[in-house]
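First the proteins, then the strands, lettered A, B, ... as listed; each starts at 1. Atoms considered below: every heavy atom in the structure, side chains included; atoms not considered: hydrogens, waters and symmetry mates.
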Amino acid sequence: MTLTDGSQRQLPAGATGAERAAAIGPGLARAAVAVKVDGAVRDLGRPLDDGATVAILTERDPEALEVLRHSAAHVLATAVRELFPEAGIGFGPPIDDGFYYDFAVPRPFTPDDLAAIEARMAAVVEADHPFEREVVDRDAANRRFADDPLKLERIAELGDDETITVYTDGPFTDLCRGPHIPSTGRLKHVKLLSAAGAYWRGDSSRQMLQRIYGTAFFKKDDLAQHLHRLEESKKRDHRRVGRELDLFHFLPVAPGAAFWTERGTAIYNELVAVMRELQRDGYREIRTPLLFNKALWETSGHWGKYRENMFLVLDSETGEHDFSLKPMNCPSHHLLYATAKHSYRELPIRYVTYDVLHRNEVSGALSGLTRVRQFAQDDCHIYLREDQIPVEVQRLTDFILGYYRLFGLEARLKFATRPEQRIGDDAMWDRAEGALREALERTGLPYELKAGDGAFYGPKIDFDVTDAIGRAWQLGTIQLDYAAPERFDLGYVGEDNHEHRPVIIHRAVNGSFERFIAILIEHFAGAFPVWLAPEQVRVLPIGEDQHEAAAALTTRLRDAGLRAELHARETLNYRIREGELAKVPYLAVVGQREADAGTVAVRTRGAGTKQQVMPAEEFVAKVVAEARGRELVP
RNA sequence: GCCACUGUAGCUCAGGGGUAGAGCACUCGAUUCGUAAUCGAGCGGUCGUCGGUUCAAAUCCGACCAGUGGCUCCA
């Protein structure tokens, strides 16, 4: 066989991965978790194929962590079966941050159950049961899982050409493709996190199973770090920070719709202002109605499928739900486009809107600002000729990435191509995908291909940003649309003096302002750069004698266009603490020395007592420059 | 929409079948302070809503509403 370093080794026939590792050295034998044979991860205990390329996976390999977590799921099931012998067994895969297992049990698991199960798991680990793999035929599999309808259903779906394998660790046997760690004793650092309901096969018409989530690591420190990260992200949770910094509130009378305080509104307005500034040239900001007759949704095709997600409004004359709040801007933009005859010379025409939208999300889906019923998109529709697509997409990509950079956010691009369910012929899709791909290639940026993930009306590019703590969010999108121009019978007069169909690009950068602000809150942990901060400077006179000088400074800051507040009550210590907790970028302290000299003692957020005394004029200019330049400070 | 959990003062939380408690916030008074909580007093809730059980319910039960964790959904 060949090792991954290219060297060749001879081993006796039927030698296993474990023996292979041992042949190299005892250290590797201990560290080995699984083995990769010709690219496929396998159990250490399986015989190696003659002539195969072999790599020993150790605790350092990400694939080994998956194996560990998959085995952790089995250990979980082992424990659950001991405590709840009647439990049906669903699926138990490794996931990004851990693993889960679904069980069919008569009642949901309680926190006490989880504690008991975790204790039981420790015993299973202690027992160090080997994971034993067995190949069985269909009849044997059916017999073995005769008492578990979920497993029987799964077995029935397996193709005749598939090898059916079962794995046993101690008392527990599961239908499973594997691979697994050699024995349960390798599972040292595991933690159950939560229990929740989940539909069998992810199908909301099927039965609800009880899912237990957990995570596992090879190293104690890694587990501790992971749990610490979970705590940290809880601290950054935008719902918590939003309350602590008094940015927005949700009240039961308007589920899924935020009440923005003046502080939250300042952030909101700042984002809209940036978008306006960046779209000063070449864009046309428009406003269209919020309430529409259903005829519009019939034209757009939304009335049939998506009506249940729209807020319908009763017409008092007809007594019918003939009107609806708009859930999207697209159709109204198309209508406005169609109010005039357009020349090819005008294109591309770019409409932008920040109107409020309403979507009746199912109650269980609502979550803080990330999933709301009322929101505003930075919605843009571009009407253009097909030959203009590459240049326009390039322009949009630059725009979007440039925008994210303002916040220190990096984006990854995804190219989504024709889905199974789609309109238009292959020639249209070839042209559309070709144009998008060409534009993507021109950016020189790496991108991921998501084949079949496009919209039914055209291919798209999605932008995933990664925030400060490494979480990915799908934000921006560039979608080509060949369907709407047909439905709305849109046209332009070409150079040849004939009517042509334009193509439409749907573009969003923030997604929705609500969701984007949620992401920013968590990204910055509430410590916004000065240009975004709801309160940019807080002026603190030390004593009453400096009140006048401090008030003058506050006015000066405001005159310069900054958001500044004067705080004169309570002790200086109290106000410093308050200012730090409110994450105000600059605390401008004015004592007698400063009042006399026309200076200010600046305490920068996070810099502690390292204050800087500077002329008031200089301070104002500095903050104005930082805010105007949208610098990521302090 | 589905499963589970939660719902006590503006916030964080304690209590718990016999007529509600702390800290912070807020108000008032004193203090006028040089970089992360000055001291004191006071105001404030009928315990998410509605209904049931009970001599008695905030406490037990049910329904509903909202939130949280998931599932489903996200044009």
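For A/M328, taking side-chain heavy atoms from C-beta onward, the closest of the listed nucleotides B/rC11, B/rC33, B/rA75 is B/rA75. Side-chain proximity of A/V589 to B/rU32, B/rC71, B/rU35: nearest is B/rU35. Side-chain proximity of A/L366 to B/rU38, B/rA75, B/rG67: nearest is B/rG67. If you check B/rC71, B/rA66, B/rG1 against the side chain of A/P252, the one that comes closest is B/rA66. If you check B/rA66, B/rA37, B/rG34 against the side chain of A/N573, the one that comes closest is B/rA37. Side-chain proximity of A/Q592 to B/rG69, B/rG1, B/rG34: nearest is B/rG34. Taking the side chain of A/R211 as heavy atoms from C-beta on, and the options B/rC71, B/rA75, B/rU32, the nearest nucleotide is B/rC71.
Across the strands present, B/rC24 finds its partner in B/rG10; the criterion is a Watson-Crick or G-U wobble pair with both atom distances under 3.5 angstrom. Nucleotide B/rG67: paired with B/rC5 (Watson-Crick or G-U wobble, both distances less than 3.5 Å). Look at B/rG62: its Watson-Crick or wobble partner, with both distances under 3.5 angstrom, is B/rC50. Under the Watson-Crick or G-U wobble criterion, with both distances below 3.5 Å, B/rU19 has no partner in any strand shown. In this structure B/rU35 sits in no base pair that meets the Watson-Crick or G-U test at under 3.5 Å.
At the phosphate of B/rG67, neither OP1 nor OP2 sits under 4.0 Å from any side-chain N or O atom of A/R240. Regarding contacts with the backbone of B/rG69, every side-chain N or O of A/S194 stays at 4.0 angstrom or more from both OP1 and OP2. Residue A/T571 has a polar side-chain atom (N or O) positioned under 4.0 Å from OP1 or OP2 of B/rU38. Look at A/Y574 and you'll find a side-chain N or O under 4.0 angstrom from OP1 or OP2 of B/rA25.
Comparing B/rC60 with B/rC2, their P atoms are spaced 25 Å from each other, to the whole Å. Comparing the P positions of B/rA36 and B/rA30 gives a spacing of 27 Å, expressed to the nearest Å. B/rC73 and B/rC11 have their C1' atoms separated by 33 Å, given to the nearest Å. Distance noted for atom C1' between B/rA22 and B/rC47: 16 Å (whole Å). Taking atom P on both B/rG23 and B/rU6, the two are 27 Å apart, rounded to the nearest angstrom. For B/rG45 and B/rG15, the P atoms lie 23 Å apart once the distance is rounded to whole Å. The gap from the C1' atom of B/rU53 to that of B/rU8 amounts to 22 Å, rounded to the nearest Å. Taking atom C1' in both B/rU31 and B/rG40, one finds a spacing of 11 Å when rounded to whole Å.
A/D453 places its CG atom 15 Å from the C1' atom of B/rA75, with the value rounded to the nearest Å. The NE2-P distance, from A/H238 to B/rG67, rounds to 12 Å in whole Å. Nucleotide B/rA75 holds its P atom 18 Å from the CG atom of A/L296, rounded to whole Å. To the nearest angstrom, C1' of B/rG34 lies 14 Å from CG of A/D596. Going from atom CG of A/L581 over to atom P of B/rC11 covers 18 Å, rounded to whole Å. Here the P atom of nucleotide B/rA25 and the CZ atom of A/R575 are 15 Å apart, to the nearest Å. Atom CD in A/E570 sits about 17 Å away from atom P in B/rU35, given to the nearest Å. A/N360 places its CG atom 14 Å from the C1' atom of B/rA75, with the value rounded to the nearest Å.
Residue contacts for A/G202: at a heavy-atom cut-off of 4.0 Å it reaches the sugar-phosphate backbone alone, with no base atom in range.
Between the side chain of A/Y199 and the base of B/rG70, no donor-acceptor pair under 3.5 Å is found. Applying the 3.5 Å distance criterion, the base of B/rA75 shares a donor-acceptor pair with the side chain of A/R359. A donor-acceptor contact under 3.5 Å links the side chain of A/R371 to the base of B/rC73.
Taking the six-membered ring where tryptophan is involved, the planes of A/F103 and A/Y101 are essentially parallel, since the angle between them stays under 30° and well short of 60°. Between A/H302 and A/W297, the ring planes lie perpendicular to each other; the angle is over 60°, past the 30° to 60° tilted range. A perpendicular orientation is assigned to the rings of A/H334 and A/H506, their planes being inclined by more than 60° (bins at 30° and 60°). Between A/F250 and A/F248, the two ring planes are perpendicular [angle over 60°; tilted spans 30° to 60°].
Looking at which nucleotide of RNA chain B each of A/W200 and A/I576 is closest to, the 5′-most match is held by A/I576. Looking at which nucleotide of RNA chain B each of A/S363 and A/R603 is closest to, the 5′-most match is held by A/S363.
A/Q377 and A/Y354 are not linked by any side-chain donor-acceptor pair at a separation below 3.5 angstrom, with hydrogens and angles left out of the test. Side-chain atoms of A/E594 and A/Q546 form no donor-acceptor pair, as typed in the model, at a separation below 3.5 Å.
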Provide a list of protein-nucleic acid N or O atom pairs under 3.5 angstrom, restricted to nucleotides 3-5 of chain B.
| from | atom 1 | to | atom 2 | distance (Å) |
| --- | --- | --- | --- | --- |
| B/rC3 | O2' | A/Q210 | NE2 | 3.2 |
| B/rC3 | O2 | A/G197 | N | 3.4 |

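Of the charged side-chain nitrogens involved, at least one lies within less than 4.0 Å of a carboxylate oxygen, so that A/E433 and A/R418 count as a salt-bridged pair. Taking 4.0 Å as the cut-off between side-chain N and carboxylate O, A/R605 and A/E580 do not count as a salt-bridged pair.
The number of heavy-atom neighbours closer than 6.0 Å to CZ of A/R287, taken from other residues, nucleotides and ligands shown, is 12 or below. Few gaps surround CD on A/E232; more than 12 heavy atoms of other groups in view lie less than 6.0 Å from it.
When each of A/K151, A/R81, A/R154 is tested with A/D174 by the rule salt bridge (Lys or Arg N to Asp or Glu O under 4.0 Å), just one qualifies, namely A/K151.
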